[in-house]
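Each remark here refers to the structure printed beneath this line.
For the numbers below, each heavy atom of this structure counts, side chains included, while hydrogens, waters and symmetry mates do not.
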Amino acid sequence: MTGLDGTHAAASVVALHCSLGSGRQWTKLAAALGGDRFMAPDISGYGVAACGRDWPRTLDGEIARLEPWLAKADGPVHLIGHSYGGAIAFRLATATPYAQYIRSLTLIEPVLPTLLRDTPADARLYDRFARIAQIVSRDIVDGAVMEAVEAFTAFWAGSGPREQFSPSGRLRMIEQADKLPCDFSAALDLNGVAEAARTLKVPTLLISGGLSPYVTQRIVAKLAALIDGAELRHLPAAGHMLPVTHADRVNPEILRHIWRAEELAKLELAADAGPAEAAQPAGSARRHLVFRRPSFWE
């Protein structure tokens, strides 16, 4: 995408967090990126957006709540999403007017369970996810919020050790747990994930952890097979919260992906610049592009 003067437009980075989290989970990524074009909004029901109870129960509703933030991007966007935030990011990049502004997409274990309904083996994973959604939602309706949080965190611990939360962190999760049924509802409401994934044409990075619930590991593997040219990074020793627990491994991958997408955008701009460039032999523009590693690798 170009700016109003036909030059390469500066891009913003928008990062969406997981359920029971907040935009603060991206603090280290923000520091690594630097600059003032990084946005990590709180998804409805969490952080500063926790007020009220009229929360959306669809991903489109979540996107509508994020529109004030998205409007601030004012140009191309490198979109990052983790877990429930990954589901929102996927929807943003495939089925909204904002899709045309996406310069790159990074999905870290996005919660897209309906992708698993197409084969008997995967359908069992879908059923397991639907059961935990039912258990957590029922406990919250019954007022057993602590039990709901325990069941939720136990599920997402996967085969790794249970995460130890500080008293204040656990209290924050209990206070915001009422939003969880809405998140589950939105994730289970989305249909046509495979068809949407096949339409993605932007550079896409998919990241998963080997200790995560197999549900999300399988979702990432299936997306990698569906999205043309998608890159896959798997961290065997990481769990579902890998953007936080393994930020030193995940953030360099995100930065590298953004940098390469920027280089590709510049290449495409050069290819569209005029007859002189168009007259070059096919492939010559790419041959003259030198991919230097960003400074964080040096």
Side-chain angles (χ1 to χ4, degrees), residues 12-30 38-73 79-92 96 98 108-113 129 132-157 163-190 216 240-245 247:
S12 299
V13 176
V14 177
L16 304 178
H17 62 83
C18 62
S19 294
L20 290 187
S22 74
R24 290 180 297 176
Q25 82 167 59
W26 304 108
T27 300
K28 291 183 178 179
L29 178 61
F38 178 83
M39 291 180 283
D42 291 335
I43 295 169
S44 68
Y46 304 113
V48 299
C51 297
R53 287 295 185 270
D54 58 334
W55 297 312
R57 302 184 69 89
T58 66
L59 297 178
D60 289 342
E62 295 283 11
I63 292 167
R65 296 292 184 91
L66 290 170
E67 283 183 351
W69 284 93
L70 296 171
K72 294 179 183 179
L79 184 59
I80 303 162
H82 168 228
S83 193
Y84 183 58
I88 298 172
F90 178 84
R91 184 66 173 173
L92 261 170
T96 73
Y98 296 104
I108 306 171
E109 297 200 1
V111 180
L112 298 167
F129 182 88
I132 192 64
Q134 184 179 39
I135 290 169
V136 170
S137 299
R138 184 174 62 242
D139 280 347
I140 289 174
V141 170
D142 291 343
V145 181
M146 291 181 64
E147 290 81 354
V149 170
E150 287 293 332
F152 182 83
T153 55
F155 174 79
W156 288 113
E163 188 173 355
Q164 299 300 311
F165 300 101
S166 67
S168 61
R170 185 169 294 278
L171 178 60
R172 176 184 52 79
M173 288 191 291
I174 291 171
E175 289 174 341
Q176 299 183 358
D178 285 352
K179 174 70 191 316
L180 290 176
C182 299
D183 294 359
F184 279 122
S185 177
L188 291 166
D189 177 72
L190 185 64
T216 46
H240 183 65
M241 290 303 296
L242 68 169
V244 177
T245 60

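Rounded to the nearest 0.5 angstrom, Q176 CD and L171 CG are separated by 9.5 Å. Taking OG1 from T96 and CG from L66, the interatomic distance works out to 11.0 Å, rounded to the nearest 0.5 Å. Taking SG of C18 as the start and CG of L16 as the end, the distance is 11.0 Å to the nearest 0.5 Å. For the atom pair I80 CD1 and F38 CZ, the distance stands at 6.0 Å (nearest 0.5 Å). Of the inter-residue distances, the one linking L29 atom CG with H82 atom NE2 reads 13.0 Å to the nearest 0.5 angstrom. Note that the OG atom of S44 and the CD1 atom of I88 stand 7.0 Å from one another [nearest 0.5 Å].
L59 and A87 make their closest contact through CD1-O, 3.7 Å (heavy atoms, listed as atom of the first residue, atom of the second, distance). The two atoms that bring A133 and S137 nearest to each other are O-OG, 2.8 Å, heavy atoms only. Here the closest heavy-atom approach between residue G45 and residue W55 is recorded as CA-NE1, 3.5 Å. Between R57 and C182, the closest heavy-atom pair is NH1-SG, 3.5 Å. The minimum heavy-atom distance between G61 and P56, with the atom names listed, is C-CB, 3.5 Å. Pairing each heavy atom of Y46 with each of G21, the nearest pair is CB-O, 3.2 Å.
Residues E109 and S83 have side chains not in contact (no heavy-atom distance under 4.5 Å, counting atoms from C-beta outward). Looking at E67 and Y98, their side chains come closer than 4.5 Å, going by heavy atoms from C-beta outward. The side-chain heavy atoms of F152 and I140, taken from C-beta on, include no pair separated by under 4.5 Å. L92 is not listed as a side-chain neighbour of V14, based on a closest heavy-atom distance of 4.5 Å or more.
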- [ ] Check the pair L79 / F90 against side-chain contact (heavy atoms from CB on, under 4.5 Å), numbers first and verdict last.
- [x] CA-CA 9 Å; L79 184 59; F90 178 84; over 6 Å; no
- [ ] Start with the C-alpha gap between E62 and D183, add the side-chain angles, then the distance that decides, and say whether side-chain contact (heavy atoms from CB on, under 4.5 Å) holds.
- [x] CA-CA 9 Å; E62 295 283 11; D183 294 359; 3.8 Å; yes
- [ ] For side-chain hydrogen bond (donor to acceptor under 3.5 Å, both in side chains), just list the numbers for K179 and S19, CA-CA rounded to whole Å, side-chain angles, deciding distance to a tenth of an Å, and then say yes or no.
- [x] CA-CA 8 Å; K179 174 70 191 316; S19 294; over 6 Å; no
Open item on the list: Could you walk me through whether V111 and W156 satisfy the side-chain contact (heavy atoms from CB on, under 4.5 Å) test, starting with their C-alpha distance in whole Å, then the side-chain angles of each, then the deciding distance to 0.1 Å, before giving a yes or no?
Closed with: CA-CA 11 Å; V111 180; W156 288 113; 3.9 Å; yes
Task: Audit row: W26, V13, side-chain contact (heavy atoms from CB on, under 4.5 Å) steps and yes/no - done: CA-CA 11 Å; W26 304 108; V13 176; over 6 Å; no
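Proximity of a side-chain donor or acceptor of R138 to a complementary backbone N or O of A148 within less than 3.5 Å is not detected. Put simply, the side chain of H17 gets close to the backbone of I43: a donor and an acceptor are under 3.5 Å apart. Between the K28 side chain and the V244 main chain, no donor and acceptor come within less than 3.5 Å of each other.
Using a 4.0 Å cut-off between charged side-chain N and carboxylate O, D189 and R91 make no salt bridge. With respect to E150 and R170, a salt bridge is recorded, a charged nitrogen being found less than 4.0 Å from a carboxylate O.
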